[in-house]
Amino acid sequence: MRIKLKDDFDLRKIAESGQCFRWKACQDNTYRIIAAHRVLTAKQLFASGELELDCTQAEFQGFWRDYLDWDTDYKSIRNRVSTKDHFLSAAAEEEQGVRILRQEPWETLITFIISQRKSIPAIKTAVETLSRRAGDRIVGGGEPLFAFPTVGQLRALPPAELAACGLGYRTEYIYDAARSLPEEEKSLYALSRLGDEELFHALTAFKGVGKKVAFCTMLFGFHRLNAFPQDVWVNRILGEHYPQGFDLGRYAPYNGVMQQYMFAYYRAKADARAPQGGR
DNA sequence: GATCAGGTTTGCA
DNA sequence: TGCAAACCTGAT
């Protein structure tokens with residue numbers, strides 16, 4: 001199917017914004033996306049301002065519309081940026097099209113636990129390995145693809161298997177997270193009812209989850225658009241451009257979106273300077 | 001083959 | 001409260 005884009009939407013910028021690790025770049029502005037037990041191939045048609053998706057209307061309405069956060073108006077969020085803030089204005093302008101996906105909370109939590117002290121390629125490899133070893137095979141032709149494992153699947157995974165996924169010291173964190181949830185729990189949806197502050201505390205209660213991973217999980221897995229993860233990159237930005245501190249009161253409740261613009265913009269510039277290493 | 005990577009915990013002042 | 005050191009292992 002094809003669908004007309006109505007506001008900010010750029011597949012490449014989303015793919016490179018560091019929030020998702022199961023998007024694979026293909027040729028011609030096309031990405032293969034794995035989410036839940038589904039696969040989607042999406043192509044951006046810049047000439048017509050459309051998106052081409054290899055799913056039906058019903059699948060789009062029933063799943064991908066929500067996943068892609070189709071109904072949030074990012075243009076109006078972007079327009080909140082103060083023109084006096086030169087860095088953020090430039091970032092929002094340049095990174096127009098970034099969106100915050102509505103990813104599965106459990107997958108997001110575990111993925112960001114894995115992310116600590118790993119490069120993005122290494123994170124992707126680890127997530128693929130874990131999915132292959134513990135997740136369901138996604139039905140369909142072509143190469144075998146695997147869904148991210150559920151709570152139960154990770155709990156049931158023999159410790160040796162988990163240890164063989166190349167997760168290093170994070171193995172124990174993941175093991176603990178799966179064991180700490182009630183037997184019948186399939187995900188973390190029960191936490192959705194919590195307010196931001198309570199959710200933050202619930203997440204940091206998991207071993208191996210500190211401030212940064214908790215905020216990433218809130219932003220990308222629970223769609224709390226005000227969560228403002230501070231990693232080394234954001235800290236560099238704040239040091240360079242906001243020596244007096246970034247005013248979190250100003251853009252509430254959309255601090256997380258602003259963070260994404262800043263992050264993507266700064267990273268893109270850093271990559272342009274040092275294409276190989278990343279720094 | 002050394003160095004580093006989108007962090008957290010632990011131990012010690 | 002604040003600051004280092006240690007932690008596994010893939011990627012470069």
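Within 4.0 Å of A:V234, counting heavy atoms only, lies no atom of the nucleic acid at all. Within the nucleic acid shown, A:I113 has no heavy atom closer than 4.0 Å to any nucleic acid atom. Here A:G210 lies in heavy-atom contact (under 4.0 Å) with sugar-phosphate atoms only.
Between B:dG11 and C:dC8, the two P atoms lie 14 Å apart (nearest whole Å).
Aromatic ring orientation, A:F87 versus A:Y266: perpendicular (interplanar angle above 60°, classes split at 30° and 60°).
For DNA chain C, the stems formed by at least three consecutive Watson-Crick or G-U pairs, with both atom-pair distances below 3.5 Å, span B:2-5 with C:9-12, B:7-13 with C:1-7.
Set against C:dG10, B:dG6, B:dG7, the side chain of A:R117 has B:dG7 as its closest nucleotide.
Mapping A:V209 and A:Q259 onto DNA chain B by nearest heavy atom places A:Q259 at the nucleotide closer to the 5' end. Checking A:Q116 against A:S119, the closest nucleotide of DNA chain C that is more toward the 5' end is the one next to A:Q116. Position along DNA chain C of the nearest nucleotide to A:T125 versus A:R170 favours A:R170 as the more 5'-ward residue. Of the two residues near DNA chain B, A:G208 and A:S17, the one whose nearest nucleotide lies more 5' is A:S17.
For A:W70 and A:F9, the gap between ring centers is short of 6.0 Å.
Taking 3.5 Å as the limit, the base of B:dG7 and the side chain of A:Y173 contain no donor-acceptor pair of atoms between them.
Stacking annotation: A:F263 is stacked on the base of B:dG6 (ring centroids less than 5.5 angstrom apart, interplanar angle below 30 degrees).
As a whole-Å value, the separation of A:Y169 OH from B:dT10 C1' is 13 Å. The separation between A:F21 atom CZ and C:dA11 atom P is 14 Å, rounded to whole Å.
The existence of a salt bridge linking A:R236 and A:E240 is excluded, since no basic side-chain nitrogen approaches an acidic carboxylate oxygen closer than 4.0 Å. A salt bridge links A:D196 and A:R224; the closest N-O separation between the charged side-chain nitrogens and carboxylate oxygens is under 4.0 Å. The pair A:K13-A:D8 fails the salt-bridge criterion, with no side-chain N (NZ, NE, NH1 or NH2) lying under 4.0 Å from an Asp/Glu carboxylate O.
No more than 12 heavy atoms of other residues, nucleotides or ligands lie within 6.0 Å of CZ in A:R250, so this atom counts as exposed by the packing criterion.
For the side chain to side chain donor-acceptor pair (under 3.5 Å) with A:E52, the lone residue among A:K43, A:Q44, A:R2 that qualifies is A:R2.
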